[in-house]
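Taking it in order: structure first as structure tokens, then the write-up.
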Amino acid sequence: MRVGILTGGGDCPGLNPAIRGATLRLIRDGHTPTGIQHGWKGLIEGMTVPLTEERVDEIIREGGTILGTSRTNPFKNEHDLQRLLDHFHAFGLDALITIGGEDTLGVALRLYQEHQIPVVGVPKTMDNDLGGTDFTFGFDSAVSVAIDAMDRLRDTAKSHARIIVLEVMGRHAGWVALYAGIGGGADWILIPEVPPDIDAMCDYLLRLYQHGKRYALVVVSEGVLLPTDDLNALPLDEFGHPVLRERGVGARIARIIAERTGLETRDAVIGHIQRGGAPTAFDRMLATRLGLKAAELISREEFGVMTALQGQEIVAVPLEEALRKPKLVPYEVYEEARQIFQRLYLQPQRSGAP
Ligand code: F6P
């Protein structure tokens with residue numbers, strides 16, 4: 001079979017190991033892998049590159065994607081969709097391996113269901129918010145960068161006796177903030193799934209200072225909503241998601257903390273720094289295994305599915321099931337984290353308490 005491989009949506013560490021895993025297994029099984037450049041845009045515009053063993057040999061350690069990516073949605077207009085289908089047939093493709101998050105895989109599912117294109121999905125996103133899989137690659141690498149940022153910010157916060165608010169990505173899921181907050185020893189964590197209790201946070205930060213810890217670190221996820229925020233007022237991307245990058249929620253929270261507590265406060269945003277660089281060992285291994293499995297499913301002609309990590313196993317789950325709803329941080333998991341970031345000895349005294 002001639003099998004197209006594409007990467008769509010935001011880049012993240014692990015894409016190259018996944019391309020490598022899929023390519024090597026496809027070649028082993030006697031298929032011909034073809035790289036499609038820049039996600040769905042490449043299939044609309046007809047941009048391909050050969051994928052050989054030599055080409056993928058050394059890419060295990062490279063961040064980004066050798067195929068390029070885009071946030072192009074071919075279902076936005078019929079002309080693009082038709083061009084995509086024409087190119088699929090003109091290139092003699094028999095199947096597609098689509099590596100991406102909910103948007104890229106959502107397109108793959110529609111192509112499979114509505115246009116009978118044989119697809120196998122591979123889940124990636126630094127947000128870790130895809131259903132059907134325990135983890136997506138890109139997440140562990142992004143969290144490692146965020147924890148490194150926390151370690152560095154701690155030095156400055158401590159030296160200057162400041163509060164520093166770190167804003168991380170994650171869209172509507174707080175996984176990156178939660179893991180970075182716990183792994184980096186934050187004093188407060190704000191995630192989109194749990195409405196922020198600004199009063200409790202400011203009160204706690206003041207108590208920290210009163211108790212003698214004269215600095216603090218706060219992690220906030222970019223998708224956290226303040227009471228006056230209106231997501232409908234934001235511009236939308238091609239897939240209809242509100243664009244969060246200009247909200248500056250970290251800076252706004254830092255300002256609120258400074259005003260309410262009178263404590264010197266700064267903010268830092270790591271932005272796309274958390275999406276670049278070499279993949280961690282975990283992401284290299286996970287992405288490789290997910291890519292290998294995708295190629296295996298192609299050989300078995302099992303289409304309309306996504307490879308997924310469940311426990312220690314790499315399995316196939318129907319794309320439809322994986323995309324049914326995003327995987328958000330459950331309230332209990334946030335409460336579990338609170339046991340660490342909100343220390344008991346700093347709780348307000350209840351009246352009548354001994
Ligand atoms: O989905 C991955 C992600 O990094 C989100 O966390 C973030 O909101 C978005 O992509 C940023 O997109 P872009 O790279 O297009 O600015």
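Atoms within a ligand are numbered from 1 in the order they appear, just like the ligands themselves.
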Quiz prompt | contact_flag Gly170 ligand 1 heavy-atom lt 4.0 Å | solution = yes
Quiz item: Which protein non-hydrogen atom lies closest to atom 4 (O) of ligand 1, naming both residue and atom, and how far is it?
Solution: Arg275 NH1, 2.7 Å
Quiz item: Just how far is it from atom CG of Leu178 to atom CD of Glu193, taken to the nearest 0.5 Å?
Solution: 8.5 Å
Quiz item: For Leu244, is at least one N or O under 3.5 Å away from an N or O on ligand 1?
Solution: no
Exercise. Could you check whether the rings of Phe135 and Phe282 sit parallel, tilted or perpendicular, using 30° and 60° as the cut-offs?
Key: perpendicular
Quiz item: Are the aromatic ring centres of Tyr179 and Phe139 under 6.0 angstrom apart?
Solution: yes
Practice problem: Ignoring angles and geometry beyond distance, decide whether Thr125 reaches within less than 3.5 Å of ligand 1 through its nitrogen or oxygen atoms. | Solution: no
Self-check item: Centroid-centroid under 6.0 Å between Tyr345 and His211 rings
Solution: yes
Quiz item: In Å and rounded to the nearest 0.5 Å, what is the OG1 to CZ distance from Thr125 to Arg171?
Solution: 7.5 Å
Quiz item: Nearest protein heavy atom to atom 2 (C) of ligand 1, by residue and atom, and its distance?
Solution: Asp127 OD2, 3.4 Å
Quiz prompt | Pick from His272, Arg71, Met126, Arg245: the one approaching atom 9 (C) of ligand 1 most closely through a non-hydrogen atom | solution = Arg71
Quiz item: So does Arg55 have more than 12 non-hydrogen atoms from other groups sitting under 6.0 Å from CZ?
Solution: no
Exercise. Can you figure out which of Glu102, Glu222, Glu238 has its heavy atom closest to atom 7 (C) of ligand 1?
Key: Glu222
